[in-house]
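Some notes on the structure that comes next.
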Amino acid sequence: MTTETAATRVKSIDPRSLPRRFDVKEREAHWRTRWDALGISKHDKSAPRAASFVIDSPPPTASGSLHPGHVFSYTHQDVIARYRRMTGWNVVYPMGWDDNGLPTERRVQNYFGVRAEPNVPYEPDLNVRKRRKELGLDRDEQLVVSRGNFIELCHEVTAEDEKTYKELFNRLGFSIDWEEEYATIDDRCRSIAQRSFLDLDERGHVYTAELPTMWDVDFQTAVAQAEVEDRPTPGAYHDIEFGVYEAMQGEDGVPASFTISTTRPELVPACVGVTAHPDDERFKPLFGKHAVTPGFFAKVPIFPSEKADPEKGTGILMLCTFGDDADVEWWRTHDLELRPMVSRSGQASPRTFVGYNSEGAGWGSLDPRRAQFFYDQLLGLRLDEVREKIVELLSCPGTSAMTMLGVDVETEPPLKSEPRSIEHVVRYYEKGSTPIEYIPSRQWFVRLMDKKPLLQEVGAKVQWLPDFMEKRYANWTDGIAHDWAISRQRFFGVPIPVWYPIDADGEVQYDDYIVASNDMLPVDPMLAPAPGYEESQRGEPNGFLGEQDVFDTWFTSSLTPQILARWGENGDRMANLYPADLRPQAHDIIRTWAFYTIVKSALHDGDIPWHKAMISGFIVDPDRKKMSKSKGVVVTPIPLVNKHGADAVRYWASNGRPGMDMAFDETIFTIGSKLVTKLYNAGKFVLMQDAEHGDIVNELDRAFVNDLRDTVRRATDAFERYEFALALQITESFFWDAFTDNYIELVKRRARSEDDAQGRASAVATLRLGLNTLLRLFAPFVPTITDEVWSWTYAEETGYESIHQAPWPKMSADADIPEQYQLAPIDTPDSDASFQTACRAIAAVRKAKHEAKIGLGKPLARLQISGTDDQLDSLRLVESDVADAGGAAKIGYQSAATEDGYVAAVEGIE
RNA sequence: GGGCGGUUAGCUCAGCUGGUUAGAGCGCAUGCUUCACACGCAUGAGGUCGGAGGUUCGAGUCCUCCAUCGCCCACCA
């Protein structure tokens, strides 16, 4: 762009004609439109990798609620993006929506009152509200719809939710390139997620298996380790007596019974073993023997295990299918029976008991008839109901294992005492409300347990900002205890692109699964037949079965760098955009988003997904609790923007340093507003000084420019280290203290002087250079007000219609900017400190005037300043400006021996 | 129990690789309608830098221990 063409479009205006107040809302709307028209957020698609700065921005969960944390971390990204653009980078700043997954499904369920069932047929043009009315459904009754109809409703809801986010992002002036918008459920992302699966399959990193999997019984889906959280939950210890089989057989020296202590009595029917610590003298005689469970009379092995804690409960415990992680581990290592009693919906499933000598399937019992009688009372009950019922049953002497000793023995109930209430920590799915169960089910997994060294190595190649965040990643990676369960029994997600052959006997051959070919993507195996089959063969012998599960949403969102770079598509841009430069994100999702993204890039190409990860903190309540978790008032961002304006909100967010949590404190918004006002007024004042400008020759001016140069250098250094909050602070303090409070006050008379043409021209030039430079330093933070002031004259003078197209101030000669706004080095051999000298002297004058109760603006009859001889020599260089600013005609000098700095003595005019 | 981070003026936070009397903003007190700005300007009060040891000529800054707050992980019988 040249000055000539720009000048025809941008006309300077007279600052005197500007309104007294800056109308924030009106001008912000104006500038948003302007930036769109100028295309400041667009990137050059032909630019080579080395010229581009690629931001792997986080796609928000569209159905999640907006909170100040979004404003906080997304502002950080935008500040970096704007800075990088000004420093000449081809910034690629996309935005996506993470819309698939459970949050959306849950919102649809609540919003429309529907539930999807896999085998319900699709209905075109279904009007849910009308249908509910027709059926006369109550508010809390769910309408059952097909998978296809449910997905349609999900799309409807996410489209609305995305609008809300987009509005906020636009209101805040984020310089997102909306041409690079994507949604994790769209065709492109579905293809890339499925392509990722095909590639992992080809490399042997995925497998399917029927394994005990963490399961949420409400949502009826598998969950991954990263989605699990611990919650303190009330529970109760139940002391339950088990019999000892060998004692019943008359063996000597073996106790007849022992008592375990459990918080999960409902799992007694699923008991498959008993264990205690090998060194525990109390139970040594029991090892190698067998226990008999109360009520169900199963004969289960008793074995020693180092993992049992003698201090806990009674020191001896029962193992079930499956109470927790440890049960799964013991089941695997000790070759125990499998007795799953919990259904996928969290109820007691139908089970048959058989005698130990019987043929066929069933659970072995020493007394199958009685076991079945008791178990049938539990059938179909939810686990919490099962617990109550079991407690009731075990309170009857008839359930005692001791009854197996013989009819003559006087027996007592197996429940030895009233349950003892405790609070313990229980695993929950983070979005669920019922504890996790371990349920054997067929799932897909990505092998991680053998990849830890690779993941550590790749994670270490990423530069983490701040650097200690790397330890969080390393910690999590080190603590991985399971492979990644990637299949979810949900609807609104990316289908897993596999089919299973069905043999002639109608058996599904899960291990011989058929994967889609690359040219089929995206594909839904529930709708499309497997390669080589006809749709008519679906579900038939010698036919195929389509996988009905979808991927975990992280499976797709972990591919955001590849999605931007269109990995494997027509128009693949991997060479130009991959790996990305910067991954900005919050620290709570290091274990998920950052971790899985590294998993993907490490497994696909053995390398990093991005060079740097900039981790932002949280917004916390004044009481230091995570805001999203607090029970207090939820602050939504749009009203904040309405109240304070985008620049002020951005100012607030910019004060948060990477990695540091920030308390939500509304006074910071006020400070931001004040800065905006000050920039407006200082801009008006400086540009009103419209005498001709000339060379910067005056001593004070040259020293000021040197300090300005120093500010630019420090702010730039801070930005290069991603310490934008520091850059802002450096700029702000120079603007406020040095520029408006001191420099402007020192030269405002000279800038209008009638008799010092050279000094006047120097002051005007310096004022304009100072404002021009400071505006550019502020531009990434407060884009509206800086562009507003820029537009008054700088747009025309420089040819940059928007400040956001202008270059960042450089310390060396800069051909991109008119000479009068360059910060070329200034040779000031003996007066580097002149500006500081003048500031200190004028401060002394102000203090003296204050103490003498003379108004600051009042003229002085006499002004005397004392200091050491050196100090006075230095002051002489800037004498006239200091005298002017102090309101005196001249300065009297008084030599002082002590180095207390300048001290002024003043006399007012009568 | 393990890891990480914080603990500096009433409040929110800066203090880089250790170096003179520890900084900012808000709040507070006092004064000023100075022709850009009262969403302003000026002046001032206010801190034994969580505690205890140690290294050093010298520590808010380094080391050790402790306390406390937060986050993540482990603990789930």
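Every value quoted in this text rests on a predicted model; they were computed, and no experiment measured them. In the text below, chain A, chain B and the rest are named by the order of the sequence lines, each starting its count at 1.
- Pairs of Watson-Crick or G-U wobble type, with distances under 3.5 Å, assemble into runs of 3 or more in RNA chain B at these ranges: B:1-7 with B:67-73, B:10-13 with B:23-26, B:28-32 with B:40-44, B:50-54 with B:62-66.
- Residue A:Arg657 places its side chain closer to B:G15 than to any other of B:C37, B:G15, B:U12.
- RNA chain B is contacted by no residue of residues 719-727 of chain A, taking any non-hydrogen atom closer than 4.0 Å.
- As judged by a 4.0 angstrom heavy-atom cut-off over every strand, A:Ser673 is placed among the base-contacting residues.
- Nucleic acid contact for A:Ala474: none, since no nucleic acid atom lies under 4.0 Å from a heavy atom of the residue.
- Using a 4.0 Å heavy-atom distance criterion, A:Lys853 is classed as making no nucleic acid contact.
- Ring geometry, A:Phe595 versus A:Trp476: the interplanar angle exceeds 60°, so the pair is classed perpendicular (tilted spans 30 to 60°).
- Remark: the A:Tyr680 side chain and the A:Arg27 side chain contain no N/O donor-acceptor pair separated by less than 3.5 Å.
- Across all strands, A:Arg20 comes closer than 4.0 Å only to sugar-phosphate atoms, never to a base (heavy-atom distances).
- Residue A:Met660 has its side chain nearest to B:A14 when only B:A14, B:U12, B:C39 are considered.
- Within the 4.0 angstrom heavy-atom criterion, only backbone atoms of the sugar-phosphate kind lie near A:Lys847; the bases stay farther away.
- Base engagement by A:Asp230 is indicated by at least one non-hydrogen atom pair under 4.0 Å involving a base atom.
- Checking side-chain atoms of A:Glu227 against main-chain N and O of A:Ala224 turns up a donor-acceptor pair under 3.5 Å.
- Against RNA chain B, the stretch residues 732-747 of chain A makes heavy-atom approaches under 4.0 Å through A:Trp736, A:Thr740, A:Asp741, A:Ile744, A:Glu745.
- Side-chain atoms of A:Thr677 and base atoms of B:C39 include a donor and an acceptor less than 3.5 Å apart.
- In terms of position on RNA chain B, the residue among A:Gln729 and A:Arg752 whose nearest nucleotide sits closer to the 5' end is A:Gln729.
- Using cut-offs of 30° and 60° for the angle between ring planes, the A:Phe303 and A:His334 rings count as parallel.
- B:A77 atom C1' lies 17 Å from atom CD of A:Glu306, rounded to whole Å.
- Within 4.0 Å (heavy atoms only), A:Tyr680 reaches no atom of the nucleic acid at all.
- Using atom P as the reference point in both B:A52 and B:C57, the two lie 23 Å apart (nearest Å).
- Listed candidates were B:C71, B:C41, B:C26. Nearest to the side chain of A:Ile671 is B:C26.
- The neighbour count for A:Glu329 CD, taken as heavy atoms of other residues, nucleotides or ligands under 6.0 Å away, is above 12.
- Side chain of A:Lys684 to main chain of A:Pro19: a donor-acceptor pair is present (N/O by atom type, distance under 3.5 Å, no hydrogens or angles).
- Checking B:C71, B:C37, B:C13 against every side-chain atom of A:His587, the shortest atom distance belongs to B:C71.
- Between the base of B:C37 and the side chain of A:Lys678 there is a donor-acceptor pair shorter than 3.5 Å.
- Of the candidates B:C37, B:A77, B:C75, the closest approach to any side-chain atom of A:Arg427 belongs to B:C75.
- Classification of the A:Phe322-A:Trp331 ring pair by plane angle, with boundaries at 30° and 60°, yields perpendicular.
- With hydrogens and angles disregarded, no donor-acceptor distance shorter than 3.5 Å links the side chain of A:Lys307 to the backbone of A:Ala276.
- Among B:C41, B:C37, B:C76, the nucleotide with an atom closest to any side-chain atom of A:Asn681 is B:C37.
- Residue A:Arg846 is classed as a sugar-phosphate contact, given heavy-atom separations below 4.0 Å to backbone atoms only.
- Taking the side chain of A:Phe468 as heavy atoms from C-beta on, and the options B:U12, B:G5, B:U30, the nearest nucleotide is B:G5.
- Taking only side-chain atoms of A:Gln225, from C-beta outward, the nucleotide of B:A74, B:U12, B:C39 with the closest atom is B:A74.
- Ring geometry for A:Tyr743 versus A:Phe739: interplanar angle under 30°, hence parallel rather than tilted (30 to 60°).
- For the pair A:Arg840 and A:Tyr902, the cation does not sit on the ring face, since its NZ or CZ is not both under 6.0 Å from the ring centre and inside 45° of the axis.
- With no hydrogens or angles considered, a side-chain donor-acceptor pair links A:Asp239 and A:Ser261 at under 3.5 Å.
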